[in-house]
Each structure stands twice: as structure tokens, then as C-alpha cells.
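This report refers to the structure that appears directly beneath it.
For the single chain, residues carry numbers from 1 onward in sequence order.
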Amino acid sequence: MSSEADQTRDQSRDREGDDEVAEIIGKLVSQDAPGETDGAERRRLLGRLSGALATSARKASASGVGRGRWLADLFMNVAMRLPIRDLATLQEHHYGLTGEQLADDLVRTAAKATTAVGAVGGALAAAQFAAPPLLLSAPAQLVAETVVVAAIEVKLLAELHEVYGVQVPGTRPAQAAQFAIAWSKQRGVDPLKPASVTLALGAAAKTSLRNRLMRTLGRHLTTLGPFLTGAVAGGTLNRLATKRLAQAVRTDLRRQRGLPPAPQS
């Protein structure tokens with residue numbers, strides 16, 4: 001009886017930890033008012049997120065779950081709670097823009113957000129790099145940056161589907177899974193493939209998600225450097241990666257809708 005009670009308490013604490021992570025990421029990925037979260041607040045939230053993720057990782061390690069699997073499971077839970085806006089809300093939040101102009105604005109906003117997170121995360125990692133006694137805490141900060149950037153990009157990918165009128169079938173959790181896996185493959189969702197929902201929840205899809213998250217984390221590890229070099233590198237790498245993702249997804253969505261390719265700039 002005592003063992004069952006302990007297990008129930010542990011599960012309750014885990015849910016509370018998941019809720020805290022989702023709440024913090026929700027604040028960091030909000031694109032409704034890009035200027036609302038200033039640098040100081042962003043650093044504070046990333047610090048809170050780092051602590052929550054470090055606690056979650058220790059629990060995962062204690063239960064024998066590898067970091068990659070833990071990170072993928074955690075991120076899938078986060079993806080299911082992301083606030084995805086419908087087309088009418090997107091137009092309202094982006095000054096009535098439509099079509100390609102709305103998509104352009106979404107990409108600019110997302111790239112600005114991942115640049116800001118990369119700059120803050122890179123600066124935090126650089127500060128830890130310059131202080132050897134605290135070096136061991138740097139990975140938690142980079143994991144936090146990785147999860148937030150991935151969340152911003154999954155949100156962008158999902159909302160681009162709204163802009164181009166590509167409706168993804170299924171329940172909200174099933175849609176979230178498809179968007180997360182599409183992000184891992186850096187592609188748009190093809191709703192005409194009947195097995196897409198099943199595949200999105202399969203072992204191979206989860207492996208793809210884990211690999212993409214670990215590659216993103218590896219990219220962020222390159223921002224470890226003295227003083228502000230980490231901030232500059234983190235912001236630049238994130239901005240370029242977000243724009244590459246958006247270009248690939250928009251190409252897929254235009255093709256599905258029978259739209260002409262984007263003009264070459």
C-alpha cells in the first residue's frame with residue numbers, strides 16, 4: 001500500500017513538473033506580442049526552465065531512461081500544449097495580412113524569437129564557460145534553449161499550415177504529434193497520407209524526433225565560448241535554422257495547394 005502511495009505521489013510531482021515546463025515554454029514561445037518579453041524576463045524564464053529541466057533529467061536518469069529518449073518524450077508533451085492559432089487569429093495578430101505576406105511575417109517573428117533565445121542562451125552558456133566551477137550547469141541551459149527553439153519552430157510550422165489552408169486531420173494530440181514529427185524531418189505534413197497519424201506515434205517517428213532534438217542540442221553546444229561570442233553565435237545559428245525550416249515547409253505546402261513556387265529573391 002505504501003509503495004502504491006509513493007508511486008502516486010511521484011506521478012503527481014512529475015505532472016506538476018511537466019505543467020511548470022509547459023507553462024514556462026508557453027510564455028517564451030508566445031508570438032502574439034513579440035516585444036512583450038524583454039531580455040531580462042527572457043533570461044529569468046530560461047533560468048527557471050533550466051532548473052525545471054535539470055530536475056526532470058535527474059529523475060529520468062534515476063529511472064534508467066537515456067537523455068535522448070527523455071528529451072523526446074518531454075518535447076512531445078510540450079508540443080501537445082503549444083498554443084496554435086487559427087487563421088482568423090493569425091490575421092488579427094498580424095495586422096490583417098493574408099497569404100504569402102502573412103507567412104512572411106510569421107517567419108520574421110519566429111526568426112526574431114529564436115534569435116533572441118539563442119542570444120540569451122548563448123550568453124548564459126558563455127558565462128558558465130568562463131566560470132569553471134559552474135561549467136557542469138551549462139548543459140541544462142543549452143537543453144532549455146533547444147526545447148524552446150524547437151517549440152517556436154513547431155508552432156511556426158503548425159501555423160504555416162493554417163496560412164496555406166492545409167488541414168491536418170485528427171485530435172489535437174494527434175495533430176501535435178504530426179507537427180512535431182514534421183519538424184524533425186524539416187518538412188510539411190502531408191494530410192493525404194492515410195498512415196500519417198499512426199506513423200507519427202510510432203517508434204521510428206519518435207527516433208526521428210529524438211535525433212533532430214539531439215542535433216539541435218549539438219548545434220547549441222557550439223555556442224559555448226568566452227563572453228559574448230556565445231550570444232552572437234547562438235542568435236545567428238538559430239535565425240538561419242528557423243529560416244531554412246520555414247522555406248522547406250512553405251515549399252511543401254505550396255506544392256500541396258498547387259500554388260506557384262515562391263519568387264527567387
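- At least one donor-acceptor pair closer than 3.5 Å links the side chain of Thr115 to the backbone N or O of Ala111.
- Atom-to-atom distance recorded for Leu53:CG and Arg48:CZ is 11.5 Å, nearest 0.5 angstrom.
- Annotation for Arg187: atom CZ does not count as buried by contact number, only 12 or fewer foreign heavy atoms lying within 6.0 Å.
- Looking at Lys155 and Pro83, their side chains come closer than 4.5 Å, going by heavy atoms from C-beta outward.
- No side-chain N or O of Ser208 forms a donor-acceptor pair with one of Asn211 less than 3.5 Å apart.
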Derivation of the side chain to side chain contact (heavy atoms under 4.5 Å, CB included) call for Gln141 and Leu46:
CA-CA 7 Å; Gln141 294 163 349; Leu46 277 171; over 6 Å; no
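- Proximity of Met76 to Ile181: side-chain heavy atoms (C-beta onward) are separated by under 4.5 Å at one or more points.
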Kindly determine whether Val148 and Arg42 satisfy side chain to side chain contact (heavy atoms under 4.5 Å, CB included), including the steps that lead there.
CA-CA 11 Å; Val148 173; Arg42 194 175 288 112; over 6 Å; no
Show your working on side chain to side chain contact (heavy atoms under 4.5 Å, CB included) between Ile152 and Lys112 and close with a plain yes or no.
CA-CA 10 Å; Ile152 291 170; Lys112 181 178 178 181; over 6 Å; no
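- A donor-acceptor pair under 3.5 Å is formed between the side chain of His161 and the backbone N or O of Val189.
- A salt bridge does not link Lys206 with Asp73: none of the charged nitrogens is closer than 4.0 Å to a carboxylate oxygen.
- The backbone N or O of Trp183 lies less than 3.5 Å from a partner atom in the side chain of Gln186, making a donor-acceptor pair.
- Within the 4.5 Å cutoff, no side-chain heavy atoms of Arg81 are placed close to those of Glu23.
- A donor-acceptor pair under 3.5 Å is formed between the side chain of Gln178 and the backbone N or O of Pro169.
- Checking Thr216, Asn238, Thr114 one by one against Glu145, the side chain to side chain donor-acceptor pair (under 3.5 Å) holds for a single residue, Asn238.
- In this structure, the separation between CG on Leu97 and CG on Asp104 is 9.0 Å, given to the nearest 0.5 Å.
- In this structure, the separation between CG on Leu82 and CD on Gln175 is 12.5 Å, given to the nearest 0.5 Å.
- When all heavy atoms of Leu213 and Ala72 are compared, the closest pair comes out as CD1-CA, 3.7 Å.
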Mind running side chain to side chain contact (heavy atoms under 4.5 Å, CB included) on Ile84 and Val154 for me, showing each step along the way?
CA-CA 9 Å; Ile84 307 303; Val154 170; 5.8 Å; no
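- Contact record, Asp86 with Glu162: CA-OE1, 3.6 Å, taken as the closest heavy-atom pair.
- In this structure, Ser56 and Val21 have side chains that are not in contact, with every pair of non-hydrogen atoms separated by 4.5 Å or more.
- Thr89 contributes atom OG1, which lies 10.5 Å from atom NE2 of His94 (distance to the nearest 0.5 angstrom).
- A pairwise comparison of heavy atoms in Leu209 and Ala180 identifies CD1-O, 3.8 Å as the closest pair.
- In this structure, Gln256 and Pro191 approach most closely via the heavy-atom pair OE1-CD, 3.1 Å.
- Taking CD of Gln91 as the start and CG of Leu102 as the end, the distance is 6.5 Å to the nearest 0.5 Å.
- Within the 4.5 Å cutoff, the side chain of Gln247 has no heavy atoms near those of the Lys243 side chain.
- Tyr164 and Glu100 share a donor-acceptor pair across their side chains, judged by distance under 3.5 Å alone.
- When all heavy atoms of Gly188 and Asp252 are compared, the pair lying nearest together is N-OD2, 2.9 Å.
- In this structure, Glu41 CD and Leu28 CG are separated by 8.0 Å, a value rounded to the nearest 0.5 Å.
- In the model, Glu153 has a side-chain atom that pairs as donor or acceptor with a side-chain atom of Thr242 under 3.5 Å.
- When all heavy atoms of Gly165 and Arg257 are compared, the pair lying nearest together is O-NH1, 3.5 Å.
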